K.L.:
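This structure is in structure tokens; I'll ask about it shortly.
All values reported here derive from a predicted model rather than from experimental measurement.
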Amino acid sequence: MYQGISCCVGLICLAVGSVAPLAAADSATRAPLPGTQALDWSEEDLSSRLMEGAHQFVERKITEAARGRSGYWRIDATSPEAYEASITENRDSLREILGAVDPRSAPRMERYGDDTGAALVAETSGYRVFQVRWSVLDGVLAEGLLVQPKRPAVAYVVALSDADQTPEQLLGLAPGIEAANQFARRLAEQGCEVVIPVLVQRRPLDTADKQLQSTRQTWREWIYRQAFHMGRHIIGYEVQKILAAVDWFRQQYGDAVPVGVAGHAEGGLLAFYAAALDPRIAAVLVSGYFDCRQRVWAEPIYRNVWSLLRRFGDAEIASLVLPRHLVIEHSRVATITDHKGDWKTPEAEGVLAEFRRIPELAGFPRPTLVVGDAGQPVGPGSTEALREFLQRLGAEWDGEERTLDVPVDLRRGFEPAQRHHQTVRQLEQHVQSLVRASEQIRDRFFLYAAIPELAELRWSTQKTHPVHPAPPFADAARGFRERFHTDGMGRFDEPLQSPHPRTRKIAETDHWTAYDVVLDVWPEIFAWGVLVVPKDLKPGERRPVVVCQHGRNGVPRDTLDRDVPAYNNFAARLAERGFITFAPHNLYRGEDRYRWLSRKANTIQASLFSFIIAQHDQFLRWLDTLPFVDGRRIAFYGLSYGGETAMRVPPILEKYCLAICSGDFNQWTTKVAATDQPFSFMRTIEWEMPYWNLGQTFDYAEMAYLMIPRPFMVERGHLDLVGRDAWVAHEYAKVRWLYAQLGLADRTEIEFFQGGHSIHGEGTFAFLHRHLNWPAPEPASGRKLPSP
């Protein structure tokens with residue numbers, strides 16, 4: 001018997017298999033595991049302290065990211081050409097994380113009429129207004145208004161309103177914006193040719209679908225969620241629409257014409273990013289957006305950009321505009337609340353502080369900041385800001401305000417809602433085309449890149465084939481494992497601390513003793529779990545461990561002795577079979593608290609699993625030091641979010657010798673990003689589920705490939721509503737096929753059972769006994785086998 005693990009239960013009489021609760025006041029019954037210090041935090045303390053510490057940690061890392069940002073910038077300002085070359089890598093990085101990566105269609109702009117009227121929307125003595133659409137991407141058009149002056153244009157401008165405003169409002173054709181703030185109209189009156197795109201609104205989804213209503217999504221979030229998982233972004237799509245208009249201007253009027261972009265609020269964000277990405281834009285006016293971005297995680301969810309703060313604050317984005325002309329206007333914006341983030345007019349102090357961070361480069365024009373007296377907001381579209389913007393485009397502002405006739409919309413009963421729905425529908429269709437094509441993209445990305453011969457095997461008509469050796473595939477997979485860890489899940493660049501284990505006994509039966517275990521991970525973060533040790537350990541014996549992972553909003557003891565129906569006490573049942581079990585606490589408890597944690601982490605190229613992977617790494621290191629643990633036989637078995645953990649942690653941490661995914665295995669890209677499936681996360685509150693570009697790189701088959709040559713199993717209830725049997729079978733078939741091609745068919749299984757979202761514990765238990773080389777109990781021995 002391992003010293004210190006007592007068979008005695010004091011004065012408490014136990015029925016076979018029953019659990020003895022331990023009194024908090026009895027220090028002897030709550031003794032720590034030998035070799036560890038005593039733990040005195042309650043279960044609720046452990047959960048809340050862990051979450052609070054995680055938030056403190058990630059906020060520290062965000063601060064550190066800002067200090068380390070200069071390491072990505074090696075500016076050479078000896079000439080404009082040298083400067084452009086020195087910032088190219090950062091510009092390419094920004095383009096990638098904004099998802100503005102698809103090749104644009106050939107420039108083509110169409111003036112069109114419809115049932116409400118002709119292509120000509122309005123006409124004044126100085127300009128004509130047309131409703132137009134122009135090509136952007138395959139299947140995606142931009143729509144809006146084109147304003148053409150009746151005299152030669154002095155400049156060419158893409159003008160962008162806030163997201164909830166229409167091109168008509170920005171031009172004065174419809175009410176909603178004060179005349180002084182209709183900067184598209186004012187630029188047109190100065191002789192500019194202006195294109196005004198329609199933007200996706202931030203209004204709530206107008207749907208009768210009660211399930212979708214419960215998600216409280218806006219139209220911008222609707223596109224953001226599905227696009228993010230596919231390596232695209234609502235920001236990137238709308239930047240592409242701006243750049244497609246620039247393409248058209250250049251095609252029509254030549255490369256030498258002065259092209260500028262001006263935007264307010266959400267339009268200011270888009271103008272800013274468009275100018276940062278495209279050196280053809282000679283000047284940009286950013287109104288009501290420029291600010292310190294260190295709390296971008298608190299802004300509306302559709303502004304969440306993966307890894308943004310590692311390289312970029314707004315001053316760094318401004319560096320990508322230089323040496324071209326940047327005009328920043330500190331203006332009022334609409335207050336936005338409850339968009340899974342909030343937004344209001346930036347504070348002048350933050351705007352000024354960020355403006356001062358823009359590098360001053362000898363011989364390069366300094367950006368212009370337009371701000372009112374005592375730091376008060378101006379505009380949007382103040383005369384001073386528009387004058388500066390036009391001058392930077394080589395045009396002079398007419399000092400006297402023009403009094404041209406007010407434009408009047410000639411269309412009959414025009415409703416912008418139909419045009420907006422078309423805009424949303426095209427973007428959705430583009431994302432969904434990526435979802436449908438993603439399986440082939442992932443095959444090329446991973447499977448056929450790792451071993452090209454496998455592509456030929458899939459299409460071969462030969463009756464027999466030699467088995468491909470597994471070691472070359474495992475070697476090739478190492479680079480993909482690193483990419484999955486770094487680019488898919490994200491990781492923190494911080495070494496693990498010494499674990500400093502603290503424990504206490506929390507439960508005991510005739511067959512096992514359970515301990516709370518707390519280990520240090522990083523200064524603000526610890527790891528917590530429950531270790532369950534069988535009482536029939538022999539001196540010097542080392543046994544296999546099964547790590548039993550709870551799901552969303554669970555705690556470790558839910559898997560052990562609380563009779564939670566989904567878990568069926570599987571950590572205790574496995575301990576009664578002789579396994580050591582360990583039930584870690586994962587951070588997905590507290591609903592939006594963990595979602596905000598992941599949101600914060602996204603800004604520095606990390607996610608919820610960046611924390612969880614590090615905690616499990618520390619668990620594995622500590623378990624390996626215990627004298628009764630065989631460190632070569634540590635398996636993982638998780639349900640629900642614990643099953644999701646099974647697909648993300650063991651594939652990365654090779655110390656796990658086996659993994660079982662229960663109640664989660666899926667076609668993950670479909671599950672997260674498909675809009676036509678009833679079980680999709682697009683229809684739930686779980687807004688943290690999209691992971692940047694995972695749909696193009698790693699679905700569950702690819703994650704499972706990273707387990708090779710280790711054993712891998714799926715447990716699936718026919719009635720489990722996390723997905724459909726057909727999805728699960730299709731995705732698993734790819735895993736089974738690869739294991740078979742590598743001569744490892746006996747190391748993978750799937751078990752379907754007649755049940756729902758729960759641990760079944762039959763085929764999986766047999767799988768554990770077989771692959772952990774631990775004998776299953778014999779019914780004939782007189783000992784009753786645990787059952788669900």
K.L.:
For residues 656-674, which residue pairs pass the salt bridge (charged side-chain N to carboxylate O under 4.0 Å, His left out) check, not counting sequence neighbours?
P.N.:
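Pairs touching residues 656-674 that pass the test: none.
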K.L.:
Looking at side-chain heavy atoms only, is the closest gap between S607 and N602 below 4.5 Å?
P.N.:
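SC-SC contact between S607 and N602 confirmed.
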K.L.:
Taking salt bridge (charged side-chain N to carboxylate O under 4.0 Å, His left out) as the cut-off, I'd like each qualifying pair that reaches into residues 737-756, sequence neighbours left out, listed once.
P.N.:
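Qualifying pairs, neighbours excluded: E749-R770.
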K.L.:
Classify the ring geometry of W774 against F579: parallel below 30°, tilted from 30° to 60°, perpendicular beyond 60°.
P.N.:
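Rings of W774 and F579: tilted, as their planes differ by 30° to 60°.
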K.L.:
Quick one: list whatever passes side-chain hydrogen bond (donor to acceptor under 3.5 Å, both in side chains) with Q754, sequence neighbours left out.
P.N.:
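Result, side-chain hydrogen bond (donor to acceptor under 3.5 Å, both in side chains) vs Q754: none returned.
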K.L.:
Between the main-chain N or O of P499 and the side-chain N or O of W622, is there a donor-acceptor pair closer than 3.5 Å?
P.N.:
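Here the side-chain-to-backbone pair does not exist.
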K.L.:
So, taking the atom named CZ in R542 and the one named CD1 in I580, what distance separates them when rounded to the nearest 0.5 Å?
P.N.:
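R542 atom CZ to I580 atom CD1 measures 9.5 Å (nearest 0.5 Å).
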K.L.:
Thinking salt bridges, do E64 and K61 make one under a 4.0 Å N-O criterion?
P.N.:
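So E64 pairs with K61 through a salt bridge.
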K.L.:
Looking at G761, is its backbone amide N or carbonyl O close enough to the side chain of E715 to form a donor-acceptor pair, meaning the two atoms are under 3.5 Å apart?
P.N.:
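Between the backbone of G761 and the side chain of E715 there is a qualifying donor-acceptor contact (under 3.5 Å).
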K.L.:
Nearest heavy-atom pair of Y637 and S662: which atoms, and what distance?
P.N.:
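Reported closest heavy-atom pair: CE2-CB, 4.0 Å.
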K.L.:
Run the side-chain hydrogen bond (donor to acceptor under 3.5 Å, both in side chains) test against D45 and tell me which residues pass, sequence neighbours left out.
P.N.:
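In terms of side-chain hydrogen bond (donor to acceptor under 3.5 Å, both in side chains), with neighbours along the sequence ignored, D45 is linked to S42.
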K.L.:
Less than 4.5 Å apart, side chain to side chain, heavy atoms only: is that true for E731 and V714?
P.N.:
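When only atoms from C-beta onward are counted, V714 and E731 do not touch, as no gap falls below 4.5 Å.
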K.L.:
Within a strict 4.5 Å, meaning less than it, do heavy atoms of the N568 and R573 side chains meet?
P.N.:
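When only atoms from C-beta onward are counted, R573 and N568 do touch, with a gap below 4.5 Å.
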K.L.:
Take atom CZ of R632 as the centre, draw a 6.0 Å sphere, and report whether it contains more than 12 heavy atoms from other residues, nucleotides or ligands.
P.N.:
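No - once you tally the heavy atoms of other residues, nucleotides and ligands closer than 6.0 Å, there are 12 at most.
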K.L.:
Angle between ring planes, W687 versus W596, binned at 30° and 60°: parallel, tilted or perpendicular?
P.N.:
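Taking W596 first and then W687, their aromatic rings stand perpendicular (interplane angle over 60°).
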K.L.:
For D563 and N569, test the side chains for any donor-to-acceptor distance below 3.5 angstrom and give the result as yes or no.
P.N.:
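Yes, N569 and D563 have a side-chain donor paired with an acceptor closer than 3.5 Å.
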K.L.:
Show the numbers, then the answer: is there a salt bridge (Lys or Arg N to Asp or Glu O under 4.0 Å) between E43 and R589?
P.N.:
CA-CA 13 Å; E43 180 181 88; R589 184 170 187 247; 5.6 Å; no
K.L.:
What pairs meet the salt bridge (charged side-chain N to carboxylate O under 4.0 Å, His left out) rule with one or both residues in residues 717-729, with sequence neighbours excluded?
P.N.:
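Residue pairs with at least one partner in residues 717-729: R716-D725.
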K.L.:
With side chain to side chain contact (heavy atoms under 4.5 Å, CB included) as the test, would you mind laying out the steps for W727 and T670 before giving the verdict?
P.N.:
CA-CA 9 Å; W727 292 1; T670 303; 3.8 Å; yes
K.L.:
Which pairs with one or both residues in residues 593-608 pass salt bridge (charged side-chain N to carboxylate O under 4.0 Å, His left out), sequence neighbours excluded?
P.N.:
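Salt bridge (charged side-chain N to carboxylate O under 4.0 Å, His left out) check on residues 593-608 returns E52-R593, E59-K600, E591-R595, D592-R595, R595-E688.
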K.L.:
Between the side chain of R633 and the main-chain N/O of V629, is any donor-acceptor distance below 3.5 Å?
P.N.:
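A pair under 3.5 Å: no.
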K.L.:
Which atom names give the shortest non-hydrogen contact between G695 and R442, and what distance separates them?
P.N.:
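In terms of heavy atoms, the two residues are closest at O-NH1, 2.9 Å.
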K.L.:
Partners of E644 by salt bridge (Lys or Arg N to Asp or Glu O under 4.0 Å), sequence neighbours excluded?
P.N.:
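R648.
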K.L.:
With sequence neighbours left out, what residues match S680 under side-chain hydrogen bond (donor to acceptor under 3.5 Å, both in side chains)?
P.N.:
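In terms of side-chain hydrogen bond (donor to acceptor under 3.5 Å, both in side chains), with neighbours along the sequence ignored, S680 is linked to no residue.
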K.L.:
Which heavy-atom pair separates L772 from A635 by the least distance, and what is that distance?
P.N.:
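That closest heavy-atom pairing would be CD1-CB, 3.9 Å.
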K.L.:
Say whether, by atom type as modelled, one donor and one acceptor occur between the side chain of T559 and the main chain of P556 under 3.5 angstrom.
P.N.:
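Flag set: sc T559 to bb P556 pair under 3.5 Å.
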K.L.:
Could you give all pairs that pass the ring pair (Phe, Tyr, Trp, His ring centres under 6.0 Å) test and reach residues 531-566, with sequence neighbours left out?
P.N.:
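Every ring pair (Phe, Tyr, Trp, His ring centres under 6.0 Å) pair that includes a residue of residues 531-566, provided the two are not neighbours, is H550-H585, H550-Y588.
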K.L.:
With distance as the sole test, does R481 use its side chain to make a donor-acceptor pair with the main-chain N or O of L706 at under 3.5 Å?
P.N.:
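The answer is yes, because a donor-acceptor pair under 3.5 Å joins these two groups.
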K.L.:
Using every non-hydrogen atom in the two residues, find where A575 and T581 come nearest and quote the distance to one decimal.
P.N.:
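Closest approach of A575 to T581: N-CG2, 3.9 Å.
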K.L.:
What verdict does the side chain to side chain contact (heavy atoms under 4.5 Å, CB included) test give for I750 and V735, after you've listed the backbone C-alpha separation in whole Å, the side-chain angles of each residue and the deciding distance to 0.1 Å?
P.N.:
CA-CA 10 Å; I750 187 168; V735 179; over 6 Å; no
K.L.:
Please identify each residue that fulfils side-chain hydrogen bond (donor to acceptor under 3.5 Å, both in side chains) with S307, with sequence neighbours left out.
P.N.:
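With sequence neighbours excluded, S307 shows a side-chain hydrogen bond (donor to acceptor under 3.5 Å, both in side chains) to no residue whatsoever.
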K.L.:
Calculate, to the nearest 0.5 Å, the distance between atoms CH2 and CG belonging to W528 and L587 respectively.
P.N.:
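The CH2 atom of W528 sits 11.0 Å away from the CG atom of L587.
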K.L.:
So Y700 and F665, would you call those rings parallel, tilted or perpendicular, with 30° and 60° as cut-offs?
P.N.:
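Y700 and F665: tilted rings.
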K.L.:
Do W297 and I62 have side chains that get closer than 4.5 Å, going by heavy atoms?
P.N.:
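W297 reaches I62 side chain to side chain.
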K.L.:
Can you tell if the side chain of F473 reaches within under 4.5 Å of the side chain of L447, non-hydrogen atoms only?
P.N.:
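Contact flag for F473/L447 side chains = yes.
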K.L.:
With respect to F480, which candidate in F446, Y705, F698 satisfies the ring pair (Phe, Tyr, Trp, His ring centres under 6.0 Å) definition?
P.N.:
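Among F446, Y705, F698, the one that satisfies the ring pair (Phe, Tyr, Trp, His ring centres under 6.0 Å) with F480 is F446.
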K.L.:
Without swapping roles, check the side chain of N666 against the backbone of W668 for a donor-acceptor pair under 3.5 Å.
P.N.:
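No, because the side chain of N666 does not come within donor-acceptor range (under 3.5 Å) of the backbone of W668.
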K.L.:
Evaluate side chain to side chain contact (heavy atoms under 4.5 Å, CB included) for F753 paired with S758, printing each intermediate quantity in order.
P.N.:
CA-CA 10 Å; F753 66 94; S758 63; 4.0 Å; yes
K.L.:
Please enumerate all residues that pass side-chain contact (heavy atoms from CB on, under 4.5 Å) together with T684, with sequence neighbours excluded.
P.N.:
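Once residues adjacent in sequence are excluded, the partners of T684 under the side-chain contact (heavy atoms from CB on, under 4.5 Å) criterion are F681, E686.
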K.L.:
Measuring only between side-chain heavy atoms, which start at C-beta, is M647 closer than 4.5 Å to F712?
P.N.:
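When only atoms from C-beta onward are counted, F712 and M647 do touch, with a gap below 4.5 Å.
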K.L.:
For a salt bridge (Lys or Arg N to Asp or Glu O under 4.0 Å) check, start with the C-alpha distance between D516 and R30, then their side-chain angles and the critical distance, and finish with the verdict.
P.N.:
CA-CA 10 Å; D516 267 335; R30 299 178 71 81; 5.7 Å; no
K.L.:
Look at the side chain of D699 and the backbone N and O of T669, then say whether any donor-acceptor pair between them is shorter than 3.5 Å.
P.N.:
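Between the backbone of T669 and the side chain of D699 there is a qualifying donor-acceptor contact (under 3.5 Å).
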K.L.:
Check for a donor-acceptor pair, side chain of E541 on one end and backbone N or O of F628 on the other, with a separation under 3.5 Å.
P.N.:
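Judged by distance alone, no pair lies under 3.5 Å.
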K.L.:
Heavy atoms, side chains only, cut-off 4.5 Å: are E494 and R60 in contact?
P.N.:
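In contact.
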K.L.:
Using a 3.5 Å distance criterion without hydrogens, assess whether the side chain of S610 forms a donor-acceptor pair with backbone atoms of G490.
P.N.:
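Answer holds: yes.
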K.L.:
Only pairs under 3.5 Å count here: list side-chain donor-acceptor contacts from residues 649-656, not counting sequence neighbours, and write none if there are none.
P.N.:
residue, atom, partner, partner atom, Å
K655, NZ, D624, OD2, 3.2
K655, NZ, G631, O, 3.2
Y656, OH, H616, ND1, 2.8

K.L.:
Within a strict 4.5 Å, meaning less than it, do heavy atoms of the Y641 and L608 side chains meet?
P.N.:
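They are in side-chain contact.
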K.L.:
Which atom names give the shortest non-hydrogen contact between Y594 and M51, and what distance separates them?
P.N.:
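Heavy atoms of Y594 and M51 come nearest at CB-CE, 3.7 Å.
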K.L.:
Could you walk me through whether L50 and I525 pass the side chain to side chain contact (heavy atoms under 4.5 Å, CB included) test, one step at a time?
P.N.:
CA-CA 6 Å; L50 181 52; I525 294 184; 4.2 Å; yes
K.L.:
Which heavy atom of P534 sits nearest to which heavy atom of R543, and what is that distance?
P.N.:
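That would be CB-NH1, 3.5 Å.
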K.L.:
Taking Q497's backbone N and O only, do any of them form a donor-acceptor pair with Q618's side chain (distance below 3.5 Å, no angle check)?
P.N.:
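Checking the backbone N and O of Q497 against the side chain of Q618, a donor-acceptor pair under 3.5 Å is found.
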K.L.:
Looking just at side-chain N and O atoms, do T645 and N586 make a donor-acceptor pair shorter than 3.5 Å?
P.N.:
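Yes, a side-chain donor-acceptor pair sits under 3.5 Å.
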